[in-house]
Amino acid sequence: MIPEKLKKELEARVASAITPREAAVDVMKEVQNHYGWLTDEGVVEAAEILGLSPLQVEELATFYEMIYRRPVGKKVIKICDSISCWTMGDEELMAHLVKRLGVEPGGTTTDGMFTLLPCSCLGNCGNAPAMMVGENMYENLTQEKADEILEKEKMSP
Amino acid sequence: MEQVLFRHNKPGRPVTFAEYRAEGGFAALKKALTEMSPDDVQQTVIDSGMRGRGGAGFPTGKKWSFVPRDLHGPRYLICNCDEMEPGTYKDRVLLENNPYSLVEGMILAGYAIGVHHAFIFIRRGYETPAANLRQAIEEAKAAGFLGENILGSGFSMELDIHLSAGRYICGEETALMNALEGRRANPRAKPPFPAVKGLWQGPTVVNNVETIANVPYIIAQGPSWFKGLARIPEASGMKLFCISGHVRNTVCVELPLGMTLGEILEGPCGGMAAGKKFKACIPGGASTPYLTEEHFNLPMDFDAVAKAGSRLGTGGIVVFDTNTCMVGATLNLIQFFAHESCGWCTPCREGLPFVREVLTRLEAGNGVAEDIDILREHVKFLSYAFCALAPGAMGPVEGLLRLFDDEIREHISKKKCPFKS
Ligand SMILES: Cc1cc2nc3c(=O)[nH]c(=O)nc-3n(C[C@H](O)[C@H](O)[C@H](O)COP(=O)(O)O)c2cc1C
Ligand code: SF4
Ligand code: FES
């Protein structure tokens, strides 16, 4: 269950929206933040707050890249696989991380730390290849640089 | 070179509210609210020749004029900051440097259209632009530029930010309205057009970040000044170009419309990266057909690029060197579109994965000559899709067929990708 305080905050957000649905993405994001991913329980809770049916929330949740309806690691690594990053070697970078982390794209490391995902253009095409780890953007990546970043990200909360 | 949107840029940090004002910011708003009627503002934008910077190049003032004057009930203005077109990062750079031109432009556009509630729709991952805009909105409110009875004019407007959760189709204007309403972001049928029935069924205008951010300057310095900024008489104003790929400097720069492709690549980009030779580029984001060396003298403006068989698009130029496999590049682009298809209509939902399959086998050396005909047919078939995503997706495929026929055939005859050892 989400904490009472968060529930109150989200209810206030919904009350200030033009229609409750307008706040749907915000509510899903916050509930996801609490659980780490948008759990079945989270979908039901979000639906209650929004005055929608769980199915209506599900229909939105499955649409967006950033809403996870399956468990993910503590941090999600998103490697941009769009055209500018492709010209600068995103495929080699992905292959390197697959080997290093011992997971296929979409997989989560056995220690539960990282989920490795390809993603669409991050809007950082001039500094390709680019990736995000959690909320942090990293750019002009090399394999060595990516290794260092993952070490650092492992240590930080 | 004269800068417009980038004139306030400070090294390594965003311009402050005080600096923006000291450098002439919000003077256009004062001028419009005290000396001009909404119709005057609209007419000035029409006279300026401003065309939308979001990809389609629709005349901005004309779009505003489609909103019926006499309809009761709320009408809306939405700024499209979804910017998920691969190769495009200009709106991010603009907002990281200066959120104020957009905020001022939104108020001016709202005044011109009679809007009292406007939104800025921002893609996921653009946290800094969103934070800058939030701060700018608070500062504008505190200074009396936003909210009730702005500068004593009787005009009131609220400006809200909506953060998305990542999906390319949300940038399509009718899908965007569904997304903002909290519905699954499939596009809507047109007609009714957004100017008549859009967000919450009210008349709605959707404009790109760069489009709106130019409005204060058009109002402050006049339409003929704005027109004169362009390099060629058919064009109007400046354009943000964001360049990536195999050039020396991958920069985002503001240049006069009508500068040639060669001038852009040789000038601000500093030519190709060390040891690389130019082969082709996409001129304006992932959905625009390729240009090659023979287009170096092409003026980069909407009509000129369209005449050359491509589109100016977003100004996101991605450059490929001679070692780039164009079948591979096209496969990457189609992979993006197939993934981002919203699934609403069959030509796109089924067609794009099929095109991806054909390109995959060509790239792997398993293609046959008939595959070329299949691709050609699909360029035609996918234009029957429900929205512009699928026809846009086929832009690069069309370009591949037209410009790189040899390269496709080499994949077939050698039974492998000639660029892979
Ligand atoms: C699939 C798709 C994605 C789009 N994405 C964007 C976008 O991210 N930003 C944008 O300004 N326009 C985007 N557009 C174009 C918009 O539909 C619309 O034409 C534009 O926002 C209008 O603004 P403008 O007249 O100022 O150019 C997209 C169109 C399509 C078909
Ligand atoms: S063309 Fe593609 S993105 Fe557009 S409505 Fe059809 S399925 Fe959706
Ligand atoms: S293509 Fe990778 S950030 Fe844009």
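Lettering of chains follows the sequences in order, A, B, ..., and the numbering in each one begins at 1. Every value quoted in this text rests on a predicted model; they were computed, and no experiment measured them.
For B:T88, the part lying under 4.5 angstrom from a heavy atom of chain A is the backbone only. For B:C252, no part lies under 4.5 angstrom from a heavy atom of chain A. Neither the backbone nor the side chain of B:E83 comes within contact range of chain A; no heavy atom of the residue lies under 4.5 Å from a heavy atom of that chain. Both the backbone and the side chain of B:L163 come within less than 4.5 Å of a heavy atom of chain A. Neither the backbone nor the side chain of B:A286 comes within contact range of chain A, judged by heavy atoms closer than 4.5 Å. For B:C325, the part sitting under 4.5 Å from any heavy atom of chain A is the backbone (N, CA, C, O) and nothing else. Contacts of B:R183 with chain A are made by both backbone and side-chain atoms, with heavy-atom separations under 4.5 Å. Only the side chain of B:F119 comes within contact range of chain A, with heavy atoms under 4.5 Å apart. Both the backbone and the side chain of B:R184 come within contact range of chain A, each with at least one heavy atom under 4.5 Å from a heavy atom of that chain. Contacts between A:Q56 and chain B at a heavy-atom distance below 4.5 Å are absent for every atom of the residue. Heavy atoms of B:Y126 lying under 4.5 Å from chain A belong exclusively to its side chain.
By number of non-hydrogen pairs under 4.5 angstrom with chain A, the leading residue of B:G166, B:A165, B:G87 is B:A165. Counting heavy-atom pairs under 4.5 Å between each of B:A329, B:C342, B:G316, B:C242 and chain A puts B:A329 at the top. Of all the listed residues (B:G328, B:C170, B:G343), the one sharing the greatest number of non-hydrogen pairs under 4.5 Å with chain A is B:G328. For the options B:E85, B:E340, B:R123, heavy-atom pairs under 4.5 Å to chain A are most numerous at B:R123. Taking chain B as the reference chain and counting heavy-atom pairs below 4.5 Å, the highest number among A:A23, A:S84, A:A24 is found for A:S84. Interface check for chain B: of the options A:N124, A:I83, A:V25, A:T87, the most heavy-atom pairs under 4.5 Å are formed by A:I83.
Residues A:E22 and B:H162 are in side-chain contact: their nearest non-hydrogen atoms beyond the backbone lie under 4.5 Å apart. A:F63 places a side-chain heavy atom less than 4.5 Å from the side chain of B:I169.
Separation of atoms OG1 (B:T324) and CH2 (A:W86) is listed at 6.0 Å; rounding is to 0.5 Å. Taking SG of A:C119 as the reference point, atom CE of B:M84 lies at 8.0 Å (rounded to 0.5 Å). To the nearest 0.5 Å, atoms CH2 (B:W200) and OG1 (A:T19) are separated by 5.5 Å. One distance of note links CG of A:D81 with CD of B:Q335; it measures 6.5 Å at 0.5 Å rounding. A distance of 7.0 Å separates OG1 of B:T250 from CG of A:N140, quoted to the nearest 0.5 Å.
For the pair B:R124 and A:Y64, the NZ or CZ position fails the cation-pi test of under 6.0 Å to the six-membered ring centre and within 45 degrees of the ring normal.
Annotation for B:F336 and A:S82: closest pair CD1-OG, 3.7 Å, computed over non-hydrogen atoms. Heavy atoms only, all atoms of each residue included: B:G182 and A:R21 are closest at O-NE, 3.1 Å.
More than 12 heavy atoms of other residues, nucleotides or ligands sit less than 6.0 Å from atom NZ of A:K29. Shown here is A:E151, whose CD atom has more than 12 heavy atoms of other residues, nucleotides or ligands within 6.0 Å. By the neighbour-count criterion of 12 heavy atoms within 6.0 Å, atom NZ of A:K145 is densely surrounded, having more than that number from other residues, nucleotides or ligands.
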